[in-house]
Amino acid sequence: MRVVHNVAELRIAVKAMREKGFRIGFVPTMGFLHEGHASLIQQCKNRCDATVVSIFVNPTQFGPKEDLATYPSDLEADQSLCLKLGVNLLFLPATAEMYPSAFQTFIEPGAVAEPLCGKYRPGHFRGVATVVAKLFNMVQPDLAFFGQKDLQQTAVIKRMVRDLNLPVDIAVVPTLREYDGLAMSSRNIYLSTDERKRARCISLGLFAAEAAFMAGERDTASLLTRTNECLWGVDELQYCELVDAQNLDPLVGQVDRAAAICVAAYVGSTRLIDNIILSPNQA
Ligand code: PAF
C-alpha cells in the first residue's frame with residue numbers, strides 16, 4: 001500500500017494506475033475506520049482494479065459548535081486496516097494541502113441539501129460537496145463509494161455529480177449495523193454505556209416501520225408513528241421524517257415510490273442519524 005500526503009504525489013500514483021488500464025475506485029473517509037468503512041472498501045475492491053482511500057477530517061463541513069476539535073482519530077489503526085483490506089493507495093492530506101491560504105471557492109448544493117440535516121447543520125453540505133468535488137478532481141476515480149447511513153449526503157453528491165457532469169459513478173453501500181441494530185458510526189465511541197443502550201431505539205423504530213411496510217402498511221403517518229413510538233431512549237429528537245428517497249421531498253399520504261424514513265437525534269451529547277429505505281417494488 002502506497003501512502004501519499006500531497007496532491008502532486010497522489011496524481012503521479014493515480015496516473016500510473018490509469019496507464020495500466022485500471023478501473024479506479026475511491027472511498028473518501030474522515031478516518032477512525034470501522035466495519036462500515038471496511039464494507040465500502042471491500043465493495044470497492046470487488047468492483048474496481050485499484051482502490052484509493054482518503055482520510056481527511058474536513059473542517060468546512062463542521063459547524064462552529066460541532067465536534068471538529070474532538071473528532072475521533074486513530075491513524076495507526078486506520079492504516080493497518082487499509083493494509084489488511086488491500087487498499088492500493090492511501091491519501092492523507094493535511095488541512096493546508098486541501099485548503100491552501102486564501103481558499104475561497106465553494107460548491108453550493110441546492111434544495112436537496114435544505115431539509116433534514118440541512119436544517120440543523122447549516123453549511124454542512126456545502127462543506128461536504130466542496131471537499132468531495134476537490135477529492136474527485138484529485139483522484140479522478142471511475143467509481144466512488146458512500147454509505148447509505150448518510151442518505152442525504154449521497155443525495156447531495158449524486159445531484160452534484162449530475163449537475164456538474166463530473167465523470168464518476170456513485171455507489172451507495174447499505175448501512176452496517178452493530179449486533180443490536182445501531183448503525184455503525186465513528187461517533188458511536190462518544191456514547192456512555194447507558195447512552196449506548198438507549199441509542200438502539202433509533203434502529204428499532206426504523207425496523208418497526210419497515211416490518212409494518214413489509215406487511216402492507218402504506219400510510220405515511222402510520223409508518224412514522226411506528227418509528228416515533230420506539231424513540232423513547234433519545235434525549236432530543238431533531239427529525240423523524242418520511243421522504244422521497246431520491247429528492248428527499250416529504251411524502252404525505254401513501255408510499256407510492258421509493259421512500260426513506262430518516263431520523264436524527266441526540267443521545268446524551270452525541271448526534272446520531274439513521275434511515276431505512278422503503279421500496280414498494282420490493283415489499
Ligand atoms: O462521510 C464522510 O465521512 C464525509 O462526509 C466525507 C464524504 C468523507 C467528506 O468529508
Side-chain angles (χ1 to χ4, degrees), residues 7 10 25-41 43-44 51-63 66-75 77-78 81-82 85 87 89-99 103 106-109 112-113 116-118 120-141 143-161 164 166 168-176 183-190 248 262 264 270-275:
V7 182
L10 175 78
F26 178 44
V27 183
T29 80
M30 297 207 301
F32 207 63
L33 305 180
H34 50 69
E35 283 173 54
H37 295 109
S39 107
L40 298 179
I41 294 171
Q43 289 273 337
C44 186
T51 294
V52 183
V53 172
S54 65
I55 298 180
F56 177 63
V57 181
N58 172 36
T60 65
Q61 69 188 73
F62 287 80
E66 294 184 351
D67 56 345
L68 172 62
T70 55
Y71 196 80
S73 144
D74 187 344
L75 199 50
D78 289 350
L81 181 67
C82 287
L85 292 171
V87 169
L89 181 58
L90 181 59
F91 180 41
L92 303 175
T95 304
E97 184 70 13
M98 293 300 288
Y99 295 107
F103 181 90
F106 287 84
I107 302 243
E108 198 65 62
V112 71
L116 306 175
C117 289
Y120 295 91
R121 303 187 70 188
H124 169 68
F125 291 114
R126 179 186 194 246
V128 169
T130 301
V131 81
V132 170
K134 283 170 67 67
L135 289 165
F136 283 175
N137 283 334
M138 292 166 184
V139 177
Q140 304 198 346
L143 189 53
F145 294 77
F146 296 86
Q148 187 201 306
K149 184 178 80 67
D150 298 300
L151 186 74
Q152 190 170 16
Q153 170 168 284
T154 65
V156 167
I157 290 166
K158 281 182 183 168
R159 182 55 60 127
M160 172 181 79
V161 163
L164 300 183
L166 303 183
V168 56
D169 290 324
I170 302 301
V172 178
V173 177
T175 305
L176 240 74
M184 286 192 182
S185 162
S186 302
R187 289 188 168 102
N188 290 349
I189 187 97
Y190 297 147
L248 309 185
C262 301
T270 306
R271 186 174 183 276
L272 300 172
I273 60 171
D274 199 355
N275 65 78

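One-based numbering, in listed order, for ligands and for the atoms of each. One-based numbering along the sequence shown.
Among protein heavy atoms, atom 10 (O) of ligand 1 sits closest to Gln61 OE1, 2.6 Å. Protein heavy atom at the shortest distance from atom 1 (O) of ligand 1 is Gln153 NE2, 2.8 Å. Looking at atom 3 (O) of ligand 1, its nearest protein heavy atom turns out to be Met30 CG, 3.6 Å.
Once rounded to the nearest 0.5 Å, the distance linking CD of Gln153 with CG of Leu116 reads 13.5 Å. Distance CZ/Phe26 to CD/Gln140: 11.5 Å, rounded to 0.5 Å.
Residue contact check: Thr29 has heavy atoms under 4.0 Å from atoms 8 (C) of ligand 1. Listed by number with element, the atoms of ligand 1 under 4.0 Å from a non-hydrogen atom of Val131 are 9 (C), 10 (O).
Glu35 CD: 12 or fewer foreign heavy atoms inside a 6.0 Å radius.
Both tests hold for Lys134 against Tyr99: distance to the six-membered ring centre under 6.0 Å, angle to the ring axis within 45°.
In terms of heavy-atom proximity, Leu166 sits nearest to Phe136 at CD1-CD1, 4.1 Å.
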